[in-house]
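Here is the naming used below: chain letters follow the sequence lines, and residue numbers restart at 1 for every chain. These numbers come from the heavy atoms of this one structure, side chains and all, not from hydrogens, waters or symmetry mates.
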Amino acid sequence: MTDIRVRIAPSPTGPLHLGTARTALFNFLFARHTGGTFIFRLEDTDQARGTEAFELEILEGLHWLGIRWDEGPAVGGEPERGAYGPYRQMQRLTDYAEAAARLLAEDKAYYCYCSPTELEAVRKEQEAAHEPTRYNGRCADLSATERAAFEAEGRKPVVRFRIPTDRLIVFDDVVRGHMEINTNALGGDLVIVRSDGNPLYHFTVAVDDAAMKISHVIRGEDHLSNTPKHILLFEAMGAPIPQFGHLPLILNPDRSKMSKRKTQTAVMAYRAEGFIPEAYVNYLSLLGWSTGTEEEVLSLDELCERFDLSTVNRAGAVFDRERLEWLNGQWIRRLAPEDLIERLRPFLQVEVDAGRFDWIPSDAEIRALLPVVQERLPRLNAVGELIGFLFVKNLDPDTALLVPKRWDAATALAGLTAARVTIADAGRVTFDAENLEAPLRSLIEDRGWKVGDLFMAIRVAVTGRTATPPLFDTMVALGYERTLARLDRAIEKLAAQVTPNP
RNA sequence: GCCCCCAUCGUCUAGAGGCCUAGGACACGGCCCUUUCAAGGCUGAGAUCAGCGGUUCGAAUCCGCUUGGGGGUACCA
């Protein structure tokens, strides 16, 4: 039995993409489930600027999700590990050159001098004739003199790999089942090395996957049609052909292929919004796969345990942010209190930095609030919105909101004035929720008010908002002095409105 | 143009010939709980299983066609 070896091979040319993360996850789950090896390979041949920053982001993003590799390059201070390195394409250039030279020597590939314009013309003709477009093989059997003539013209050749004519390539895709593709649909002999000497993608993957003894190539469906090319390449190199598993694509809400324009695709943007990795990984795993049971809230460990590549769906899946948010809430509620506090800290700092908090809450302050906060948090970054009113020095409640809908300003003023006395009185000894609620309720009963009305007036006076965590916990968190001060401020504002200055 | 893939509630999905007058979850409506907001519980609406033809005693499940969607087809990855 061959060892199971899978890989994720991102190109560090942009922020970590949601689709890359999903592919990485499925590979990782498959490796963990089967006891195989998960390999991280950097396809860094693109010399774009900022590459190093993106490498770090990819590493950080995958680690954030809990995805660790068994073999991979040195990146972000991590040393290279694994016996099949190097794991960066930039360091494998000689491998590609050697592989190309070997194919050339065995006449499995040849130099082609056709110019882009000539190629384009052929393509156009074929399209017009309703024929499959494919390289016409003009340079497939050049004589030495013909080659010399092209060279003399100054033409720089590409290397083309011979694709057989009219042969059926057959493979059993782990998720899609039996596949048969005729080589005539492959576009003719494949360019594997550019005229500038740089190897092309289809070639490098095959070389690398062979060298790294990848047993299962698990990737997006967009590579399905190109798989025969890879199989042919493996064959030509005398390498065993791995198993393939093509994952369904992730779609925009309008069912087109997911794009940055229509869906937020940067994994780190989700982290910045306060999605937690437990939820994110859980959600990603359910895009195109399910356990087959009704369980949906699953930890990474549980996912590793249950994952089965052969039950992955074949149809594309629309990315549904609402469902992600729901899962996020589920996972936030499952967090241990101290853990939640820890994770909330950076988001509290964001509020301070943005000037929305006047000071950073202490752990003790947050801990006291946690029971009422935890079940109200859809995302970590909602914390400011939820309890921000506690961490501002001056609150200026909207007078209109201070007056509950069934009341007028005078009643609200009377209500708050009476409540102020009751609260001051009740809180003198111990300022806790128990002590506050009973006297306020009997006050309400005496005056014949509605519970909701007075409580709402107090709520707005003390928090400035109509939707808050439970009132009494909120007041306790605010503290005796500050609660009274805010009530006084509200009373003052209402009084000014009820008896305007002459 | 050519090739390939896919098709169950708005969305993610269960379903591998009778258990399906199609189950769950998100979102949505109602009720309960309740000081607001959540969370939670209950409940409702929502799918002629894309359409049409077969095969079969019997089809969401098998086959064919059509339609629709997606992907590929580069000296991109």
Side-chain angles (χ1 to χ4, degrees), chain A residues 9-11 13 43 45-46 112 114-116 119-120 123-124 126-134 156-160 173 176 179-182 184-188 190-202 204-205 220-229 246 248-249 251 253-257 283 286-297 311 313-327 329-330 333 372-378 386 404 437 440-441 444 450-460 463 465-472 474:
Chain A
S11 175
T13 53
E43 313 228 312
T45 46
D46 201 318
C112 166
C114 296
S115 72
L119 262 16
E120 180 64 21
R123 230 186 328 261
K124 285 255 170 66
Q126 292 169 332
E127 255 183 47
H130 292 202
E131 283 166 14
T133 53
R134 59 199 307 265
K156 293 273 182 218
V158 299
V159 177
R160 278 189 192 269
D173 191 282
R176 269 147 220 279
M179 300 291 298
E180 293 186 355
I181 298 176
N182 192 296
N184 286 349
L186 264 29
L190 176 73
V191 179
I192 56 175
V193 181
R194 274 200 282 227
S195 54
D196 65 5
N198 286 127
L200 258 358
Y201 172 77
H202 293 305
T204 59
V205 249
E221 189 198 329
D222 44 349
H223 287 97
L224 188 56
S225 308
N226 287 323
T227 300
K229 294 175 186 170
H246 288 94
L249 261 20
L251 275 21
D254 65 5
R255 300 212 136 259
S256 57
K257 185 185 184 182
Y283 179 69
L286 263 19
L287 271 180
W289 178 74
S290 79
T291 58
T293 68
E294 279 170 9
E295 359 169 58
E296 328 208 46
V297 183
T311 60
N313 285 141
R314 288 175 297 269
V318 172
F319 184 82
D320 180 3
R321 190 193 157 95
E322 302 224 59
R323 205 169 148 78
L324 206 211
E325 283 212 15
W326 171 75
L327 266 176
Q330 292 292 320
R333 270 165 244 134
V372 297
V373 161
Q374 192 156 11
E375 70 189 27
R376 271 163 251 264
L377 234 35
L386 229 198
E437 184 161 359
L440 280 173
R441 281 190 186 275
I444 288 164
K450 286 262 202 303
V451 173
D453 292 335
L454 208 229
F455 283 8
M456 182 53 83
I458 300 173
R459 168 174 293 109
V460 175
T463 69
R465 335 180 107 261
T466 54
T468 71
L471 183 56
F472 302 104
T474 300

Touch class at under 4.0 angstrom, heavy-atom based, for A/Lys229 against every strand present: sugar-phosphate
Base B/rC6 to side chain A/Arg314, donor-acceptor N/O within 3.5 Å cut-off: no
Below 4.0 Å: OP1/OP2 of B/rG40 and any side-chain N or O of A/Arg333: yes
Below 4.0 Å: OP1/OP2 of B/rC76 and any side-chain N or O of A/Arg194: yes
Base of B/rU35 paired with side chain of A/Arg459 (donor-acceptor, under 3.5 Å): yes
A/Asp320 or A/Glu131, whichever maps to the more 5' nucleotide of RNA chain B: A/Glu131
d(CZ, A/Arg176; P, B/rG70) in whole Å: 15 Å
Verify stack between A/His223 ring and B/rA77 base, 5.5 Å, 30 degrees: yes
Along RNA chain B (nearest heavy atom to each residue), the more 5'-positioned of A/Glu294 and A/Leu251: A/Glu294
Touch class at under 4.0 angstrom, heavy-atom based, for A/Phe472 against every strand present: base
Side-chain donor/acceptor of A/Thr227 to backbone N/O of A/His223, under 3.5 Å: yes
Base paired to B/rA22 (Watson-Crick or G-U; both N/O distances under 3.5 angstrom): none
Separation of atom CD in A/Glu120 from atom P in B/rA74, rounded to whole Å: 10 Å
N or O in side chain of A/Asn313 less than 4.0 angstrom from B/rU13 OP1/OP2: yes
Sugar-phosphate, base or nothing in reach of A/Leu286, heavy atoms under 4.0 Å: sugar-phosphate
Residue pair A/Tyr283 / A/Asp320, side-chain heavy-atom distance below 4.5 Å: yes
Rounded distance in Å - CG (A/Leu200) to C1' (B/rU73): 14 Å
Residue-phosphate contact under 4.0 Å: A/Arg441 side-chain N/O, B/rU35 OP1/OP2: yes
Side-chain touch A/Pro248/A/Arg176, heavy atoms, less than 4.5 angstrom: yes
Sugar-phosphate only, base, or nothing, as touched by A/Ser11 at under 4.0 Å among non-hydrogen atoms: sugar-phosphate
Side-chain donor/acceptor contact of A/Ser195 with base of B/rC75 under 3.5 Å: yes
Atom-pair distance (CZ on A/Arg321; C1' on B/rG10), nearest Å: 18 Å
N/O donor-acceptor pair under 3.5 Å between A/Arg255 side chain and A/Leu251 backbone: no
A/Leu190 and A/Leu200, any side-chain heavy atoms less than 4.5 Å apart: no
Sugar-phosphate only, base, or nothing, as touched by A/His202 at under 4.0 Å among non-hydrogen atoms: base
side-chain N/O A/Ser290 vs B/rA14 OP1/OP2, d < 4.0 Å: yes
A/Met456 and A/Thr466, any side-chain heavy atoms less than 4.5 Å apart: yes
Sugar-phosphate, base or nothing in reach of A/Asn226, heavy atoms under 4.0 Å: base
Identified pairing partner of B/rC2, criterion: Watson-Crick or G-U wobble below 3.5 Å: B/rG72
Rounded distance in Å - CD (A/Gln126) to P (B/rC2): 13 Å
Sugar-phosphate only, base, or nothing, as touched by A/Leu287 at under 4.0 Å among non-hydrogen atoms: sugar-phosphate
Sugar-phosphate only, base, or nothing, as touched by A/Val451 at under 4.0 Å among non-hydrogen atoms: sugar-phosphate
Rounded distance (Å) that lies between atom P of B/rU73 and atom OH of A/Tyr201: 10 Å
Side-chain N,O (A/Arg323) to OP1/OP2 (B/rU13) below 4.0 Å: no
Minimum-distance nucleotide (side-chain atoms of A/Arg376 versus B/rA14, B/rC37, B/rG1): B/rC37
Sugar-phosphate, base or nothing in reach of A/Arg465, heavy atoms under 4.0 Å: nothing
Touch class at under 4.0 angstrom, heavy-atom based, for A/Pro378 against every strand present: nothing
Any A/Lys257 side-chain nitrogen or oxygen under 4.0 Å from OP1 or OP2 of B/rG72: yes
Plane angle bin for A/Phe455 and A/Phe472 - parallel if under 30°, tilted between 30 and 60°, otherwise perpendicular: perpendicular
Sugar-phosphate only, base, or nothing, as touched by A/Asn182 at under 4.0 Å among non-hydrogen atoms: nothing
Nearest to side-chain heavy atoms of A/Pro470, which nucleotide of B/rC75, B/rU11, B/rU36: B/rU36
Between C1' of B/rG72 and CD1 of A/Ile181, the distance in whole Å: 9 Å
Sugar-phosphate only, base, or nothing, as touched by A/Gly288 at under 4.0 Å among non-hydrogen atoms: sugar-phosphate
Separation of atom CD in A/Glu127 from atom P in B/rA74, rounded to whole Å: 10 Å
N/O donor-acceptor pair under 3.5 Å between A/Thr133 side chain and A/Gln126 backbone: no
Sugar-phosphate, base or nothing in reach of A/Ala467, heavy atoms under 4.0 Å: base
